[in-house]
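Here the structure is a predicted model, which means the values were calculated and not measured.
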Amino acid sequence: MRGNIGISMNPVIERHDTDILILGTGGAGLFAALHAQQSAPEGTKITIAVKGLIGKSGCTRMVQGGYNVALGGGDTVERHFMDTIKGGKWLPNQDMAWRLCKEAVTRITELENEIGCFFDRNADGSLHQKAFAGQTADRTVHKGDLTGIEIISRLMEQVLSQPVEKMQEHRAIGLIPTADGTALAGVLFIDMRTGGFRFVRAKTVLMATGGGPTMYKFHTPSGDKTMDGLAMALRVGLPLRDMEMVQFHPTGLLAGDFTRMTGTVLEEGLRGAGGQLLNGSGNRFMFDYDGKGERATRDVVSRGIYAEMRKSNTSENGGVYISMGHLGPDYVREKFKGMVKRCEDSGFDLAAGRVEVVPTAHYFMGGVVVDVDTRTALEGLYVAGEDAGGAHGSNRLGGNGVANSTVYGGIAGDVMGRDIRKMPSLREPDEAILQAEIDRAIHPLQKPAALIQPLRNKLQNVMWDDVGVMRTAAGMERGLKGLAAIDDELMQAGVASDNLAFNLTWHDWLNMRSLCDISAVITKAGLARTNSRGAHFREDFPEEGDLDKSYFTIAQQQAGDLSVTTEPVDFSIVKPGETILPKGEPDSLLHEDPEPESAVPEKVGALS
């Protein structure tokens, strides 16, 4: 099929069956495939599908900093858990957070001993763990500053050696339920290599497509990460929680408007090692906003930088600087080789000079409501990784992201493998919904061709300006109007349909449709939260509210109408003001506190 779909043509659907279908090949998807092989009955057919290429796309590969895990030296699972709950401002699902922290210990051993990862070690052979912001112990295991490449490369090698069916360059565009809506029948794809449609039935489906808040002007994920999974979940009527919680990493590289390097992360470990943030005047400013200085959590540091930007106290390109030279250029080159090289490629000297940075949309704490076994309200559908909501609450600690993906990816594989034993047969799809998803996908093929990138630029500016680091009701209402106008323009914008094989403009249009849908949900959830927690900060409601009455938002679309409600947080393990640490335990195990302002070397002058 050469992708010659026309207005009057009813596209052919290729039908395909499997037992376990996994969407996404990041840390969650690949771990799920390996674990499902172990837990499923012999002869189970496992299929993995990915929008790009296995091991070459997605966000796990891009992880720099590391993997949070409590491995002794005074650190404990209980301490890791308390840091996660406090970092999430008491909004996390506590049972999910506990399981994340507890099973990370098992998973890091599995990564080394079974998957084949090599992480940095101390002289005595123990794993080296570095400091990350917002944590009370050095617990971040890493491979230099390229941890994600190590993890995803070894996982890819393991999966490619297994008898797992691979559907590469297949874009999932619709979750198709049964006619009664109680269970999932399968998933509709576009085979990007041909432009044809393929419907895959499966007994169990894992959605591990990743989030990717690329609707913002500055963002870290690759451009193909466009919230497709959450958009599909929204359309099938699943509840989504914490959708207002978009994490901005404080230190995205700011290299100008004409390079894709702008927005990419300069990792948390730079600040954990003692990196300093300087405003346009060369002054260290973070202690003006938080007593922990640069080691405050990501949300706090991002707001501090944004506040300096609004004062026009900025670098040449409108951000601030990160400075590492006071630590010694040779030390920085040795410990942060990847970061030094990235900055050199963009014309900056991280080791001895200063690098321009800006808050950049990095991670999405919101996601599908799941239980601790990754099951959803729709029988047969499981969700893990960034697509799942709950584990992080309103703010994710650096190093908890890849831990979350691998922990819950493995859990999903175990659970799906067991659950299919109770599922003797495949389910039949609702053919009307299947056709509706196809009609949605071919909509732009029936319109006059137009440029898509200018619309994406408009979207990114609206979200950055009106639903960004700091928010107000007036701004978000303005944002909703802007989103509606962009959506109207998108629905009138067409794509050439003469050849749909690798028709990237078509996929740009589909990307935009997903981004517009989820941007509206983010904005409406932000309006519904009338306090400030973690990544969500409202200047018109700056107080965090009563912690004992903490709630999370639930967004759900039914019959085309989106509603946002709230539910109280279940403090199932610990209540605000309490701790599960043993009596007498110190607040922090860190050997060095951040330097006080008075101890900062003489300020560096403005860049020449």
Answer yes or no: is there a side-chain heavy-atom contact under 4.5 Å between [X] and [Y]?
X      : Y      : value
Glu150 : Phe118 : yes
Gln276 : Met286 : no
Met227 : Met215 : yes
Tyr408 : Leu100 : yes
Arg471 : Asp540 : no
Ile411 : Val415 : yes
Asn279 : Ile305 : no
Leu589 : Thr136 : no

Are [X] and [Y] linked by a side-chain donor-acceptor pair shorter than 3.5 Å?
X      : Y      : result
Gln129 : Tyr67  : no
His80  : Asn400 : yes
Thr553 : Arg241 : no
Asp570 : Gln94  : no
Tyr382 : Asp419 : yes
Gln135 : Arg139 : yes
Asp95  : Ser572 : yes

SB check [X] [Y] (cutoff 4.0 Å):
X      : Y      : answer
Glu268 : Arg271 : yes
Asp299 : Lys89  : yes
Glu267 : Lys130 : yes
Arg99  : Asp373 : yes

When you measure from the side chain of [X] to the backbone of [Y], do you find a donor-acceptor pair of N or O atoms at a distance under 3.5 Å?
X      : Y      : result
Ser126 : Asn122 : no
Ser405 : Ala28  : no
Lys311 : Tyr306 : no

Assess the residue pair Glu578 and Lys583 against the criterion (salt bridge (Lys or Arg N to Asp or Glu O under 4.0 Å)); give the C-alpha distance rounded to whole Å, side-chain angles, the decisive distance to 0.1 Å, and a yes or no. CA-CA 11 Å; Glu578 299 177 357; Lys583 188 175 181 179; over 6 Å; no
Walk me through whether Lys524 and Glu244 qualify under salt bridge (Lys or Arg N to Asp or Glu O under 4.0 Å). CA-CA 8 Å; Lys524 290 180 180 180; Glu244 70 275 25; over 6 Å; no
Please report the shortest heavy-atom distance between [X] and [Y], naming the atom on each side.
X      : Y      : answer
Ser532 : Phe541 : OG-O, 2.7 Å
Gln247 : Asn395 : NE2-OD1, 3.0 Å
Arg533 : Leu91  : NH1-CD2, 3.3 Å
Cys59  : Pro221 : SG-CB, 3.9 Å
Ala361 : Pro213 : CB-O, 3.5 Å
Asp138 : Ala131 : OD1-CB, 3.3 Å

Can you confirm if the NZ or CZ of Arg354 lies within 45° of the ring axis of Tyr321 and under 6.0 Å from the centre of its six-membered ring? yes
Answer yes or no for Arg529 and Tyr551: cation-pi contact, defined as NZ/CZ to six-membered ring centre under 6.0 Å and angle to ring axis within 45°. yes
Can you check side chain to side chain contact (heavy atoms under 4.5 Å, CB included) on Asp242 and His392, steps first, answer last? CA-CA 10 Å; Asp242 299 320; His392 307 296; over 6 Å; no
Suppose we call two aromatic rings close when their centres sit under 6.0 Å apart. Are Tyr363 and His249 close by that rule? no
Interatomic spacing from [atom1] in [X] to [atom2] in [Y] - rounded to 0.5 Å:
X      : Y      : atom1 : atom2 : answer
Leu381 : Thr376 : CG    : OG1   : 4.0 Å
Leu562 : Gln557 : CG    : CD    : 6.0 Å
Ile573 : Ile85  : CD1   : CD1   : 7.0 Å
Leu230 : Glu386 : CG    : CD    : 8.5 Å
Thr264 : Phe218 : OG1   : CZ    : 12.0 Å
Asp387 : Leu23  : CG    : CG    : 9.0 Å

Member of Thr84, Thr140, Asp75 meeting the side chain to side chain donor-acceptor pair (under 3.5 Å) criterion with Asn68: Thr140
Which atom pairs, donor and acceptor, lie under 3.5 Å between side-chain atoms of residues 107-114 and protein residues at least two apart or in another chain?
| unit_1 | atom_1 | unit_2 | atom_2 | d |
| --- | --- | --- | --- | --- |
| Arg107 | NE | Thr406 | O | 2.9 |
| Arg107 | NH1 | Glu110 | OE1 | 3.1 |
| Arg107 | NH2 | Val407 | O | 2.8 |
| Thr109 | OG1 | Val105 | O | 3.3 |
| Glu110 | OE1 | His35 | NE2 | 3.4 |
| Glu110 | OE2 | His35 | NE2 | 2.7 |
| Glu112 | OE1 | Arg121 | NH2 | 2.6 |
| Glu112 | OE2 | Arg121 | NH2 | 2.8 |

Can His362 and His219 be said to form a ring pair (Phe, Tyr, Trp, His ring centres under 6.0 Å), step by step? CA-CA 6 Å; His362 180 57; His219 59 265; over 10 Å; no
What do you reckon, is [atom1] of [X] surrounded by more than 12 foreign heavy atoms closer than 6.0 Å?
X      : atom1 : answer
Lys143 : NZ    : yes
Glu543 : CD    : no
Asp587 : CG    : no

Criterion ring pair (Phe, Tyr, Trp, His ring centres under 6.0 Å) on Tyr216 and Trp464, from CA distance to verdict: CA-CA 5 Å; Tyr216 287 90; Trp464 174 258; 7.3 Å; no
Take Leu277 and Thr251 through the side chain to side chain contact (heavy atoms under 4.5 Å, CB included) test and state the conclusion after the steps. CA-CA 9 Å; Leu277 293 172; Thr251 52; 4.0 Å; yes
Quick one: do Lys575 and Leu547 satisfy side chain to side chain contact (heavy atoms under 4.5 Å, CB included)? Show the steps, please. CA-CA 9 Å; Lys575 295 179 180 179; Leu547 293 180; over 6 Å; no
Can Val569 and Asn93 be said to form a side chain to side chain contact (heavy atoms under 4.5 Å, CB included), step by step? CA-CA 7 Å; Val569 173; Asn93 177 311; over 6 Å; no
For Tyr331, enumerate each residue passing the side chain to side chain donor-acceptor pair (under 3.5 Å) test, keeping only those at least two apart in sequence or located in another chain. none
